Protein chains: 2
Amino acid sequence: MIDDVLTVARRQLGEVGAAGLSLRSVTREVGISPSAVYRYFSSRDHILTGLILEGYTRLGTAVTAADDALPPDRVTTRWHQVWHSTRDWAVANPHEYALLYGTPVIGYDAPPETVEPATRVVVRLTEIFFHAARRDLLTDRVDLSDPAPTPGLREDAESLLRTIDALGVPVPAGLDPADPVRVVNAWSELFGAISFELFGHYVRSITRHAEHLDTLAAATARQLGLPERD
Amino acid sequence: MIDDVLTVARRQLGEVGAAGLSLRSVTREVGISPSAVYRYFSSRDHILTGLILEGYTRLGTAVTAADDALPPDRVTTRWHQVWHSTRDWAVANPHEYALLYGTPVIGYDAPPETVEPATRVVVRLTEIFFHAARRDLLTDRVDLSDPAPTPGLREDAESLLRTIDALGVPVPAGLDPADPVRVVNAWSELFGAISFELFGHYVRSITRHAEHLDTLAAATARQLGLPERD
DNA sequence: CCATGTTGTGAACAGTGTTCTCTATTGCGA
DNA sequence: TCGCAATAGAGAACACTGTTCACAACATGG
């Protein structure tokens with residue numbers, strides 16, 4: 001029943017967006033009275049929270065599935081794959097993407113159960129980079145384009161490393177603590193570009209979005225020391 | 001009168017956000033009947049459009065004013081200044097920022113009159129970079145971290161260059177057509193990071209947001225060839 | 001001075017999220 | 001199999017929302 005509501009709600013979300021999604025309209029389609037839904041969801045926002053959770057999971061499985069189809073050692077190809085499959089999912093589900101990465105509806109802090117699924121893309125990016133490091137696939141990054149992190153940021157970096165370790169991702173030995181932050185930066189760059197594309201901020205500048213994202217993926221890959229081609 | 005409505009609306013926007021902004025509540029505070037506002041605005045979305053226009057203008061003037069206070073030749077300092085004043089404005093006006101750079105409310109294409117104010121920050125970034133190029137302040141960028149653009153992207157780059165030229169920004173001679181795209185990328189990176197901060201996606205990773213933005217600004221500055229210190 | 005265009009009101013409509021009372025229906029132990 | 005309790009849902013009601021429309025003041029200019 002909860003699934004019925006969420007399925008219909010996700011369909012309508014894809015048509016009218018989160019702002020236009022009406023609880024009553026969902027109940028009409030499910031064939032239920034508006035008040036009945038309060039047995040399962042405490043409020044309309046609670047339904048949206050369910051959709052957010054579902055959305056993160058769907059995006060995460062789409063991206064990881066695309067990456068899993070590739071040989072593990074082809075790290076640069078995998079890196080590009082994650083970037084493009086993320087964008088593909090966003091372009092195919094713009095309203096759902098906007099629900100996840102647009103203006104937060106609930107408040108400024110997401111419900112705690114959503115943070116794990118929400119990290120799946122960045123965790124996968126980290127895994128690719130760590131895998132490359134463990135397999136000694138990284139090229140020498142003679143001229144890192146980012147400066148040395150400040151002490152505060154170094155703390156953030158180390159705490160982030162511990163979080164990644166706690167997630168069960170094998171951390172390679174002798175890692176620069178700033179590297180996970182670089183991956184996070186690439187992640188933020190990826191979603192910044194997708195948001196700008198979907199939200200219309202690239203009007204009158206970039207129109208070849210797929211090619212553009214490709215150059216961004218390549219640039220971040222080079223900054224991280226992933227091999228040129230594999 | 002239009003200003004009265006917009007002033008009150010902006011105040012309430014700062015308190016409840018765009019989703020919670022009520023036309024009737026605005027009219028109550030202005031001291032007017034709900035229907036009277038339809039003499040000046042065709043709909044609630046029209047009011048929001050006015051707020052968006054105002055918001056872009058306010059952000060733009062805040063950023064350009066901060067930059068104007070600096071000596072023109074200190075291009076790297078100016079670059080950092082633009083990054084930080086943008087973030088400062090966003091942090092001080094989170095709901096207004098979300099209205100501008102979060103989920104679009106109206107549709108997927110912004111009203112045409114909003115595109116000029118919306119470009120002010122990226123135009124200023126471009127101006128700084130062009131100024132540095134004209135004054136020969138750029139260092140040699142031996143190892144550009146982004147690859148050569150594809151033909152399609154090169155078209156985008158040249159069209160973008162024409163747009164910038166049409167805006168009256170003096171374009172330096174002998175410019176790599178890909179350079180404006182690099183500025184656009186930095187711009188997208190800036191807003192991607194701010195959105196991730198404000199929308200709560202940096203939870204459990206970055207907490208020192210100002211320092212973090214500083215390293216991003218420095219990295220993009222180096223990629224563009226801005227001098228290390230000035 | 002009258003007519004015309006402007007400015008605002010108030011009632012009404014359709015729609016929303018939410019709460020509450022009340023009624024079926026179900027499952028289960030005796 | 002009966003009876004009871006837990007559950008699922010319905011329906012009315014409330015306080016809102018954005019929007020429309022007929023109507024009344026009012027100012028202005030010929």
Side-chain angles (χ1 to χ4, degrees), chain A residues 1-55 95-96 98-99 102-111 114, chain B residues 1-55 95-96 98-99 102-111 114:
Chain A
M1 186 65 193
I2 294 185
D3 280 347
D4 280 16
V5 172
L6 283 182
T7 303
V8 171
R10 198 181 61 225
R11 248 215 46 252
Q12 298 204 2
L13 171 72
E15 294 166 4
V16 297
L21 195 147
S22 150
L23 181 149
R24 291 180 110 105
S25 167
V26 171
T27 58
R28 272 193 296 269
E29 185 170 329
V30 180
I32 235 174
S33 81
S35 54
V37 84
Y38 283 83
R39 298 270 169 212
Y40 310 99
F41 298 92
S42 62
S43 70
R44 175 181 175 272
D45 279 359
H46 191 191
I47 296 183
L48 284 180
T49 307
L51 288 180
I52 290 175
L53 203 72
E54 234 185 49
H95 284 125
E96 210 166 346
L99 180 64
T103 312
V105 264
I106 321 290
Y108 278 109
D109 35 34
T114 70
Chain B
M1 186 64 192
I2 294 185
D3 281 347
D4 280 15
V5 172
L6 284 182
T7 303
V8 172
R10 196 180 63 225
R11 249 217 46 251
Q12 298 204 3
L13 171 72
E15 294 166 4
V16 297
L21 194 145
S22 149
L23 182 148
R24 290 180 111 105
S25 166
V26 171
T27 60
R28 271 193 297 268
E29 185 170 331
V30 180
I32 238 175
S33 81
S35 52
V37 85
Y38 282 84
R39 299 273 168 209
Y40 310 98
F41 298 92
S42 62
S43 70
R44 175 181 176 273
D45 279 359
H46 190 190
I47 297 183
L48 283 180
T49 308
L51 288 180
I52 290 175
L53 202 72
E54 235 185 48
H95 284 124
E96 209 167 346
L99 180 65
T103 313
V105 262
I106 322 291
Y108 277 109
D109 35 37
T114 70

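Letters go in sequence order (proteins before strands), and every chain restarts at 1. Computed from a prediction, not measured in an experiment: that's the story for all the values here.
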Original post:
How many Å lie between CZ on R28(B) and C1' on dA15(D), as a whole number?
Top reply: 11 Å
Original post:
To the nearest angstrom, how far is D45(B) atom CG from dT17(D) atom C1'?
Top reply: 13 Å
Subject >> Integer-rounded Å distance: dT19(D) P and L48(B) CG >> reply: 10 Å
Original post:
Using a cut-off of less than 4.0 Å, is there contact between a side-chain N or O of Y40(A) and OP1 or OP2 of dG9(D)?
Top reply: yes
Original post:
Is S35(B) side chain donor-acceptor paired with the dG8(C) base, going by distance under 3.5 Å alone?
Top reply: no
Subject >> Length of the CG-P vector between L23(B) and dT20(D), whole Å >> reply: 11 Å
**OP:** Quick one: pull up OH in Y38(A) and OG1 in T27(A) and give me the separation to the nearest 0.5 Å.
**Re:** 9.5 Å
**OP:** Quick one: label I47(A) by what it contacts on the DNA or RNA (base, sugar-phosphate, nothing), any heavy atom closer than 4.0 Å.
**Re:** nothing
Subject >> Residue S43(B), side-chain heavy atoms: nucleotide from dT17(D), dT19(D), dG8(C) that is nearest >> reply: dT19(D)
Original post:
Between R24(B) and M1(B), which is nearer to the 5' end of DNA chain C once each is assigned its nearest nucleotide?
Top reply: M1(B)
Subject >> Approximate separation, where rounding is to 0.5 Å, of L51(B) CG and L99(B) CG >> reply: 6.5 Å
Original post:
In whole angstroms, how far is the P atom of dC13(C) from the OH atom of Y38(B)?
Top reply: 17 Å
Subject >> Any S33(B) side-chain nitrogen or oxygen under 4.0 Å from OP1 or OP2 of dG10(C) >> reply: no
Subject >> S22(A) side-chain N/O to dG17(C) phosphate OP1/OP2 under 4.0 Å >> reply: yes
Subject >> Any donor-acceptor N/O pair, R10(B) side chain to E96(B) backbone, under 3.5 Å >> reply: no
Original post:
At what distance, to the nearest 0.5 angstrom, does CG of D4(A) lie from CD of E29(A)?
Top reply: 10.5 Å
Original post:
For the pair made of CD1 in I32(B) and P in dT19(D), what is the distance, rounded to whole Å?
Top reply: 16 Å
Original post:
NA contact type, R44(A), heavy-atom cut-off 4.0 Å: base, sugar-phosphate, or nothing?
Top reply: sugar-phosphate
**OP:** Determine whether any donor atom in the side chain of R39(B) lies under 3.5 Å from an acceptor atom in the base of dG8(C), or the reverse, and answer yes or no.
**Re:** yes
Original post:
Rounded to the nearest 0.5 Å, what separation is found between the CG atom of L6(B) and the CZ atom of R11(B)?
Top reply: 13.5 Å
